[in-house]
2 protein chains.
Amino acid sequence: MAQAQTLSRNQQIVLDIIEKAKGPLKAYSILFNVQKKGINAPQQIYRALDKLIEMGKIHKIESKNAFVACRSSDCEISKATAFSICESCEMVDEISDTKLSKYISSFNHKKGMKFKRFNLEFFGLCKKCK
Amino acid sequence: MAQAQTLSRNQQIVLDIIEKAKGPLKAYSILFNVQKKGINAPQQIYRALDKLIEMGKIHKIESKNAFVACRSSDCEISKATAFSICESCEMVDEISDTKLSKYISSFNHKKGMKFKRFNLEFFGLCKKCK
DNA sequence: TAACAAACGTTATATTATAACAATGATAAA
DNA sequence: TTTATCATTGTTATAATATAACGTTTGTTA
Ligand SMILES: [Zn+2]
Ligand SMILES: [Zn+2]
Ligand SMILES: [Zn+2]
Ligand SMILES: [Zn+2]
């Protein structure tokens, strides 16, 4: 379990926006949303995003270059992440399924590689869109 | 099983480069490599890449924005892809494991989403790097 | 208080990807 | 063969995503 971490000003601002959002946010869309708070440069966003990812507060959806808040709390600082992504409405939902996660984590690659982390992205149509 | 498809000139050029490569290639690195063949613009690369992905000839490694040739032939036109990625040397290896693939494909999301496709990326250290 | 690390602000630039439009080539029906 | 249709190409321009580099400020600890 990760210990509680205090967030810096910029980290908190960025996290707040991501947590309030209904879906994944892109870095530059976050930037436009925080300009009134005195954040003006991409670097400031990307630095906060990097730290928030390290802390496990958010995840990057690699296939969309977008960021979501972690809603799962048992994804062990992003060591085992899984998402379901609607190809129509772009909704992203974090999958928190112990059995699935355990199964994948225990997968052993024949070629002698030792895994530290995985990321799984499912694509399809959500309830509303199908 | 996908039927044999004939590739256009640019598609063949791009595929050749990706198949010869030892590791994942980035779009602009492909571009620099084919300028002697008369391909000069990113669009030409990205268009070929798109088609090759559709055909299942190559895959995009989302976490690296890079492309690898499909070595598996049973990934059913990219409906079920899995890769092992070394965080040190950037080696990428396509995982072709029927059991793993079946298990993940049969996963049913509680929230009623019907999955059409998944992509799984493992990260760690390869044999050489650990 | 000195030393160190983390976070910040800023400017510039690198990297990845798409828009838009005209021209060409291949396929197949009429 | 002509005409229609569709995929592919070439080209210019621009959008979107991300990092480098530098100096300053702030917070923590010795
Ligand atoms: Zn999570
Ligand atoms: Zn949807
Ligand atoms: Zn494959
Ligand atoms: Zn390695």
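By convention in this document, chain letters (A, B, ...) are assigned in the order of the sequence lines, proteins followed by strands, and residues within each chain are numbered from 1. Side chains are part of it too, since the values below use all heavy atoms of this structure and drop only hydrogens, waters and symmetry mates.
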Which pairs would a plain distance check flag for residues 30-39 of chain A, meaning a side-chain donor or acceptor within less than 3.5 Å of a matching protein atom at least two apart in sequence or in another chain?
| from | atom 1 | to | atom 2 | distance (Å) |
| --- | --- | --- | --- | --- |
| A/Asn33 | ND2 | A/Ser29 | O | 2.7 |
| A/Lys36 | NZ | A/Asn33 | O | 2.8 |

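Taking atom NZ of B/Lys51 as the reference point, atom C1' of C/dA26 lies 14 Å away to the nearest angstrom. Taking atom CZ of residue B/Arg47 and atom P of nucleotide C/dC21, one finds them 14 Å apart after rounding to whole Å. Atom CD in B/Gln43 sits roughly 18 Å away from atom P in C/dA23 (whole-Å rounding). Between the CD atom of A/Glu54 and the C1' atom of C/dA6 there is a distance of 11 Å, given to the nearest Å. For the pair B/Leu49 CG and D/dT9 C1', the interatomic distance rounds to 15 Å; values are reported in whole Å. Atom OH of A/Tyr46 is separated from atom P of C/dT10 by 19 Å (rounded to the nearest Å). Rounded to an integer number of Å, the gap from CD1 of B/Ile45 to C1' of D/dT8 is 14 Å. One can place CG of B/Asn65 at 14 Å from C1' of C/dA14, the figure rounded to the nearest angstrom.
Listed for the A/Lys110 side chain is no donor-acceptor partner under 3.5 Å among the backbone atoms of B/Ile95.
Other residues, nucleotides and ligands place more than 12 heavy atoms under 6.0 Å from the NZ atom of A/Lys130.
Looking at the side chain of A/Asn10, the nearest of the listed nucleotides D/dT17, D/dT11, C/dG9 is C/dG9. Of the listed nucleotides (C/dA7, D/dT9, C/dG9), C/dG9 has the atom at the smallest distance from the side chain of A/Gln44. For A/Gln11, whose side chain is taken as the heavy atoms from C-beta onward, the closest listed nucleotide among C/dG9, C/dT11, C/dA7 is C/dA7.
Taking side-chain N and O atoms only, A/Ser8 has no distance below 4.0 Å to OP1 or OP2 of C/dA6. Distances shorter than 4.0 Å separate none of the side-chain N or O atoms of A/Lys26 from OP1 or OP2 on C/dA17.
Within the 4.0 angstrom heavy-atom criterion, only backbone atoms of the sugar-phosphate kind lie near A/Arg9; the bases stay farther away. In this structure, B/Lys64 reaches neither bases nor backbone, as no heavy-atom distance under 4.0 Å exists between it and the strands shown.
Across the interface with DNA chain C, nearest-nucleotide mapping of B/Phe67 and A/Ala41 shows A/Ala41 to be the residue nearer the 5′ end.
Here A/Phe107 and A/Phe118 keep their ring centres 6.0 angstrom or further from each other.
Under the stacking definition used here (centres under 5.5 Å, planes under 30°), the residue B/Tyr28 fails to qualify as stacked on the base of C/dT15.
In this structure, B/Met55 is a member of the same hydrophobic cluster as B/Ile58, with clusters built from ILVMFWY side-chain heavy atoms closer than 4.5 Å.
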